[in-house]
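Notes to accompany the following structure.
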Amino acid sequence: MKYSFILLFALMACKSSENQLTSFAKDKHTAASRTSARIKHLDLDIQVDMDNRILFGEANYVLDENRNSDTIYFDTKELVIEDVMDPNSKEKLTYHLFNSDNILGSALEIILKEGTKAISITYKTSTNAAALQWLNPEQTAGKKHPFLYTQSQAILARSWIPCQDGPAIRFTYNAKVKVNKELMALMSGENSVMKNDSGIYTFKQTRPIPSYLMALAVGDLAFKPLSENTGVYAEPIDLDKCAAEFVDLPKMMKAAENLYGKYQWNRYDVLVLPPSFPFGGMENPELTFATPTIIAGDRSLVSLLAHELAHSWSGNLVTNATWNDFWLNEGFTVYFERRIMEAIEGKEYADMLQILGYQDLQEELKAFGKGHEDTRLYLDLDVRDPDEGLTDIAYEKGALFLIHIESIVGRKKFDSFLKNYFQSNAFKTMDTKGFLNLLSKELINGDEKLAALINAEAWIYESDLPNTIPSLNSEKLEVVNKTIVDFAAGKNAKELNTKNWSSHEYLYFIRGLPKEMDTNQLRNLRLVFDFANSGNSELEAAWFEHVIRHQYKTDYKSLENFLMKVGRRKFLMPLYTALASTVEGKKYAQDIYVKARNNYHYVSIQSLDELLK
Ligand code: BES
Ligand code: ZN
């Protein structure tokens with residue numbers, strides 16, 4: 001009797017720890033999943049050494065009391081760990097740094113004592129820390145001060161903070177950052193003071209966030225408000241231009257709240273970075289990081305802000321459980337972004353965005369080739385770099401799937417489903433199965449016919465696109481199709497009716513131009529439109545693809561300037577790839593790359609080194 005009681009007890013204990021383990025253990029990209037020990041709060045102290053390009057940090061973690069384990073794991077990547085201790089007892093803790101894996105970095109194992117409630121890790125970053133880009137003054141707009149920014153998503157946070165680097169693990173943080181007096185620091189949280197003379201900045205993020213949303217920028221920065229709770233940070237000489245470009249941000253906020261409920265964070269500001277930033281935008285909470293390539297002068301590329309703002313719901317509030325579920329972050333956000341744009345600019349505008357997005361999807365599917373397993377919405381990355389999941393499948397197939405559901409159940413029903421989705425899962429994680437369950441519980445409700453129409457399993461677990469997809473129309477782009485036909489048939493570009501075209505129509509026009517054009521046609525286009533020097537990065541990049549294909553040397557200087565300056569991977573990859581398709585072109589690409597590489601972030605360099613080796 002006594003023994004069976006003990007046995008039962010042991011079994012129960014074992015079972016509960018196992019349950020916890022299985023629910024955490026799914027994420028193969030973080031060492032934290034090895035045990036159930038979790039962090040819940042971070043006090044971060046960082047000193048920024050701009051001259052030597054090092055962050056000196058002390059990460060003080062408060063642990064979650066519910067743990068079934070006497071070891072805890074953190075992710076690190078090329079960090080130098082100097083000390084690990086219990087900040088309460090001041091006792092050193094035993095730790096072990098595992099061998100480094102190229103993608104995952106080194107797991108840091110710490111042995112916890114009976115009463116360990118907090119851990120303090122003293123560390124410094126390495127000069128090639130993957131998340132960090134250190135810029136010389138010449139690489140900034142002002143040319144006077146150095147600049148630093150981070151990019152943590154997907155698993156690069158571990159290269160500047162030892163952390164439990166999985167999207168399912170949330171924590172709040174306070175931070176203190178010390179920088180040179182003439183610089184200003186910003187983080188993804190509430191900022192206590194504007195620029196000050198001490199060089200010390202403090203931040204707090206009172207809502208629990210995953211590590212991939214940790215962000216820091218340091219530079220000569222200034223702020224301009226756009227409304228009571230929105231604003232823009234940029235280098236002083238760019239500030240007015242950026243603020244003028246983003247005037248519609250408060251409208252976007254209203255539209256977003258009308259759609260899917262109140263904004264759950266404190267402020268929403270945008271930081272415009274130097275052009276080396278490898279992405280269009282990054283949804284760091286309360287402080288979106290953005291590329292300056294969206295500053296076109298005519299507000300034509302601001303849907304990117306709608307996208308990053310939308311992440312304040314899809315992604316930051318309801319977060320993908322693992323990087324296999326990435327489509328839940330990005331597919332929802334693209335859908336949401338276009339709904340915001342529809343609300344503020346009208347349906348015709350949103351339809352154009354949707355069709356341009358569908359073109360991207362077609363290109364991506366073609367690049368993968370039929371039946372490729374990475375064209376499924378739910379990915380099986382295993383231990384591959386999550387960066388491999390960063391394709392238009394998650395974005396555009398994901399958004400198309402939601403449009404498909406909307407078209408079947410109707411907008412009203414779908415909107416209330418989404419509103420409820422964000423509300424009831426706020427500050428939680430969601431995986432693909434969980435989404436499927438909600439779909440079936442709240443929208444399908446046992447209606448087999450409806451389930452068959454939605455066909456969710458096929459969208460999510462099968463390659464390519466299902467047979468039935470929503471039909472997309474845009475009258476405006478139909479008109480553009482006609483002008484393309486006219487031009488291809490020999491009409492002079494000057495005679496084409498492009499009156500009142502937006503940059504979306506121009507982009508569609510450039511993409512639709514014949515693959516084969518003669519020099520007269522290229523010259524004609526150049527004289528009439530001069531896309532290479534239009535100041536609109538989307539049009540420039542799309543045009544350069546024709547320039548490269550035809551080896552149209554007249555625009556090579558502009559192409560070179562573009563590649564020297566812009567670090568946004570979405571533009572760089574197609575251009576360098578096109579160049580590298582001929583022997584001579586590859587040589588030329590390599591020559592440019594040698595000079596430009598220093599202007600790119602690790603994320604872009606990783607992809608380009610591989611392409612141009
Ligand atoms: N969160 C992404 C950027 C990202 C994803 C970085 C995965 C690293 C890993 C961001 O919201 C994004 O989607 N940016 C796009 C914007 C576009 C779709 C409007 C970009 O950078 O091009
Ligand atoms: Zn996004």
Side-chain angles (χ1 to χ4, degrees), residues 29 103 130-131 133 149-157 159 165 167 188 209-215 252 268 270-273 275-285 287-294 296 300-320 322-341 350 353-354 356-361 364 379 381 384-399 504 507 537-538 541 566-574 601-604 606-607:
H29 293 109
I103 293 164
Q133 189 166 20
Y149 67 85
T150 62
Q151 168 56 42
S152 297
Q153 197 182 12
I155 54 169
L156 306 180
S159 74
D165 204 4
S188 50
I209 60 165
S211 55
Y212 79 88
L213 296 175
M214 292 299 295
M252 288 180 185
Y268 183 79
V270 180
L271 165 62
V272 181
L273 291 164
S276 70
F277 189 57
F279 293 106
M282 178 63 215
E283 66 272 26
N284 299 314
L287 186 70
T288 280
F289 282 18
T291 169
T293 62
I294 56 166
S300 59
L301 304 178
V302 293
S303 63
L304 184 131
L305 291 190
H307 179 97
E308 304 312 333
L309 174 64
H311 271 306
S312 309
W313 287 258
S314 44
N316 298 5
L317 211 52
V318 184
T319 309
N320 53 204
T322 72
W323 298 117
N324 287 334
D325 306 294
F326 183 55
W327 78 275
L328 290 176
N329 269 21
E330 297 300 342
F332 276 61
T333 299
V334 171
Y335 174 84
F336 193 168
E337 160 204 334
R338 295 191 181 136
R339 292 293 305 276
I340 295 173
M341 293 317 288
L353 292 179
Q354 184 52 41
L356 289 165
Y358 185 68
Q359 287 188 324
D360 293 332
L361 176 57
E364 194 77 276
L379 293 171
L381 288 167
R384 281 189 288 157
D385 193 332
D387 205 44
E388 290 191 35
L390 182 42
T391 74
D392 276 313
I393 303 302
Y395 288 79
E396 296 297 342
K397 185 179 173 181
H504 304 107
L507 180 59
S537 58
E538 294 280 350
V566 174
R568 190 172 170 190
R569 186 170 63 175
K570 174 186 124 168
F571 292 144
L572 298 181
M573 291 312 285
H601 182 276
Y602 167 89
V603 162
S604 295
Q606 279 296 95
S607 309

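Residue numbers start at 1 and run along the sequence shown. Start at 1 and go down the list; that is how both ligands and their atoms are numbered. The figures here come from the full heavy-atom set of this structure, side chains too, leaving out hydrogens, waters and symmetry mates.
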What atoms in ligand 1 come closer than 4.0 Å to a heavy atom of [X]?
X	answer
Q151	6 (C), 8 (C)
H311	11 (O)
E283	1 (N), 2 (C), 10 (C), 11 (O)
R568	22 (O)

Contact between ligand 1 and F326 is defined here as a heavy atom of the residue under 4.0 Å from a ligand atom; is it met?
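The answer is yes, since F326 has a heavy atom less than 4.0 Å from ligand 1.
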
At the 4.0 Å heavy-atom cut-off, does R569 count as touching ligand 1?
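No heavy atom of R569 comes that close to ligand 1.
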
Is there side-chain contact between [X] and [Y], with heavy atoms separated by less than 4.5 Å?
X	Y	value
E330	E337	no
L381	H29	yes
K570	F279	no

Check whether [X] reaches the backbone of [Y] with its side chain - one donor and one acceptor, N or O, closer than 3.5 Å.
X	Y	answer
T322	N324	yes
N329	N320	yes
Q151	Q153	yes
T333	S314	yes
E283	H311	no
H601	A131	yes

K570 N/O under 3.5 Å from ligand 1 N/O:
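Not met; the criterion fails.
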
Can you report which non-hydrogen protein atom sits closest to [atom], along with the distance?
atom	value
atom 2 (C) of ligand 1	E330 OE2, 3.3 Å
atom 15 (C) of ligand 1	E308 OE2, 4.1 Å
atom 13 (O) of ligand 1	Y395 OH, 2.6 Å
atom 10 (C) of ligand 1	G281 O, 3.2 Å
atom 21 (O) of ligand 1	G280 N, 2.5 Å

Distance flag, aromatic centroids of F277 and Y149, threshold under 6.0 Å
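Ring-ring flag for Y149/F277: true, centres closer than 6.0 Å.
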
For the Zn ion (ligand 2), what is the closest N, O or S atom on E330?
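Output for this pair reads OE1.
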
Please determine if the Zn ion (ligand 2) has an N/O/S atom from E308 lying under 2.8 Å away.
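Within the cut-off used here (under 2.8 Å), E308 places no N, O or S atom near the Zn ion (ligand 2).
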
With heavy atoms only and a cut-off of under 4.0 Å, state how Q153 meets ligand 1: side chain, backbone, both or neither.
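Both backbone and side chain.
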
